[in-house]
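The block underneath contains the structure these notes are about, expressed in structure tokens.
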Amino acid sequence: MEIIRTVDQLKNRIAEAKGANRSIGLVPTMGALHDGHISLVDRARRENDVVVVSVFVNPTQFNNAADLATYPRTEEADCAKLEAAGVDIAFIPSVEEVYPEPDTRVFDLGEVANVMEGPMRPGHFNGVAQIVSKLFSMTQPTRAYFGEKDFQQIAVIRRMVEIEDFDIDIVDCPIKRADDGLALSSRNVRLTAAQRAVAPAIHRIMAESVALAADHTVDEVKQWVIDNINNVDQMQVEYYEIVHPLTMQPVDNWSNEPVGCITVYCGDVRLIDNIKYKNHSC
């Protein structure tokens, strides 16, 4: 595995691969890698000739300075995992390399960015669009891989691809979970032992709510999930919305197989998850 830290060197390697007519799979990450990230790498490895993984904690997508400061950074361990997974190129640039000057672009991301994480984290999705568009320009991937845990983010990235007219296949991959159901996240390492013990209730309660959808309204299911999670020690729901899987807009019925998207504070650790509902007549 080659570790590359400059944009120029990365572009040279990409040009060589493109010149040999090799397909390129990109997995953008912010490091602190876990099995969820590696599942994306494994998929990219199966479907492409060259796999590039970026490891970069992007400052423009953090609307909370404390969150940026406490985000885990584990470069040595990350590189060991990437090499073991068969990655060809690890792109690990500095902030100055990615942003030699401030990125002032503002993307018209539309309705997919105006709900849920949008108002809760002002500027977050614009920052995501900035860094992902930069990575796409640098690597010109055939395919780019994203985990469905960040369900709304995938919709935002698809919108950015449309705006920028990138010819890239966006591949969304299933959530990777621990044995007890907790969605894997780099933030999980910040949970105390007591918090880690209760955090799986998020997925368990949402999963139980899928059966309720057969004979309950959307609003009833939403309230049931919120109440049950809030009854768990150290848990507080920030929002739970049941939305259209493409537009991210809240729904009032079970058609179109909507997705329940949740954010929960477990102590001071902000955890996100989602679950898919089936079509019902309610």
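Reckoned from all heavy atoms, side chains included, excluding hydrogens, waters and symmetry mates.
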Student check: side-chain heavy atoms of Arg73 and Val57 closer than 4.5 Å: yes

Tell me if the CG atom of Asp167 is crowded by more than 12 foreign heavy atoms within 6.0 Å. no

Mind checking whether Tyr71 and Phe62 have parallel, tilted or perpendicular rings, split at 30° and 60°? perpendicular

Do Arg45 and Asp88 meet the salt-bridge criterion of a basic N to acidic O distance under 4.0 Å? yes

Would Arg13 and Asp8 pass as an ion pair if we require N to O under 4.0 Å? no

Any side-chain heavy-atom pair from Met235 and Asn230 closer than 4.5 angstrom? no

Take Thr60 and Tyr99 through the test side-chain contact (heavy atoms from CB on, under 4.5 Å) and record every step on the way to the result. CA-CA 10 Å; Thr60 72; Tyr99 296 107; 3.3 Å; yes

Just one of Ile170, Leu26, Asp172 clears the side-chain contact (heavy atoms from CB on, under 4.5 Å) bar with Phe146, so which one? Ile170

Looking only at the side chains, is there a donor atom on one of Asp219 and Thr217 sitting less than 3.5 Å from an acceptor on the other? no

Decide whether Tyr240 and Asp273 meet the rule of one side-chain donor and one side-chain acceptor closer than 3.5 Å. no

Mind listing the closest non-hydrogen atom pair of Gly36 and Lys176 along with its distance? CA-CB, 3.6 Å

Consider only side-chain N and O atoms of Thr142 and Arg22, and report whether a donor and an acceptor are under 3.5 Å apart. no

List the steps and the verdict of side-chain hydrogen bond (donor to acceptor under 3.5 Å, both in side chains) for Tyr145 and Glu47. CA-CA 11 Å; Tyr145 296 80; Glu47 298 178 354; 2.7 Å; yes

So, Asp35 and Arg177, do they make that salt bridge, N to O below 4.0 Å? no

State, to 0.1 Å, how close Asp78 and Ala32 come at their nearest heavy-atom pair, and which atoms those are. OD2-N, 3.0 Å

Are Trp254 and Val251 connected into the same hydrophobic cluster when the rule is that any two of I, L, V, M, F, W, Y join if their side-chain heavy atoms are below 4.5 Å apart? yes

Does any non-hydrogen side-chain atom of Leu10 lie less than 4.5 Å from one of Ile89? yes

Does one side chain, of Arg143 or Asn48, offer a donor that lies under 3.5 Å from an acceptor on the other? yes

Quick one: pull up CG in Leu68 and CD in Gln61 and give me the separation to the nearest 0.5 Å. 9.5 Å

Connected via hydrophobic side-chain network under 4.5 Å: Ile175 and Phe151: no

Flag the pair Glu162 and Arg158 as a salt bridge only when some basic side-chain nitrogen lies within less than 4.0 angstrom of an acidic carboxylate oxygen. no

Using 0.5 Å steps for rounding, measure from the CG atom of Asn274 to the CD1 atom of Ile272. 7.5 Å

With a 4.5 Å cut-off on side-chain heavy atoms, are Ser137 and Phe166 touching? yes

Regarding Glu16 and Asn12, is there a side-chain donor-to-acceptor distance under 3.5 Å anywhere? no

Side-chain heavy atoms of Tyr277 within contact of Ile242, under 4.5 Å: yes

Verify whether one side chain among Glu117 and Gln152 offers a donor that lies under 3.5 Å from an acceptor in the other. no

Using side-chain heavy atoms (C-beta onward) and a distance below 4.5 Å, is Val55 in contact with Met30? no

Between Glu164 and Lys134 (salt bridge meaning N to carboxylate O under 4.0 Å), is one present in this structure? no

Do NZ/NE/NH1/NH2 and the carboxylate oxygens of Lys81 and Glu76 come within less than 4.0 Å? no

Step by step, work out the salt bridge (charged side-chain N to carboxylate O under 4.0 Å, His left out) result for Lys276 and Glu148. CA-CA 11 Å; Lys276 297 176 181 177; Glu148 285 187 343; 3.4 Å; yes

Here the pair of heavy atoms bringing Gly31 nearest to His37 is O-CE1, 3.9 Å

Is there side-chain contact between Glu97 and Val7, with at least one heavy-atom pair below 4.5 Å? yes

For residues Gln9 and Glu2, is any side-chain donor paired with an opposing acceptor at under 3.5 Å? yes

Between Gln249 (side chain only) and Thr247 (backbone N and O only), is there a donor and an acceptor less than 3.5 Å apart? yes

Under 4.5 Å between side-chain heavy atoms, counting indirect links through other Ile/Leu/Val/Met/Phe/Trp/Tyr residues: same cluster for Leu191 and Val198 or not? yes

For Ser54 and Thr29, work out which heavy atoms get closest and say how close. O-OG1, 2.7 Å

Decide yes or no for Val115 and Met248: does some side-chain heavy atom of the first lie under 4.5 Å from some side-chain heavy atom of the second? yes

Considering only NZ, NE, NH1 and NH2 on the basic side and carboxylate oxygens on the acidic side, decide whether Arg159 and Glu111 come within less than 4.0 Å. no

Report whether Leu135 and Phe107 are members of the same hydrophobic cluster (ILVMFWY, side-chain heavy atoms less than 4.5 Å apart, transitive linking). yes

With rounding to the nearest 0.5 Å, note down the distance linking SG in Cys261 to CD in Glu241. 9.0 Å

Is it true that Glu257 and Lys278 make a salt bridge, defined as a side-chain N closer than 4.0 Å to a carboxylate O? no

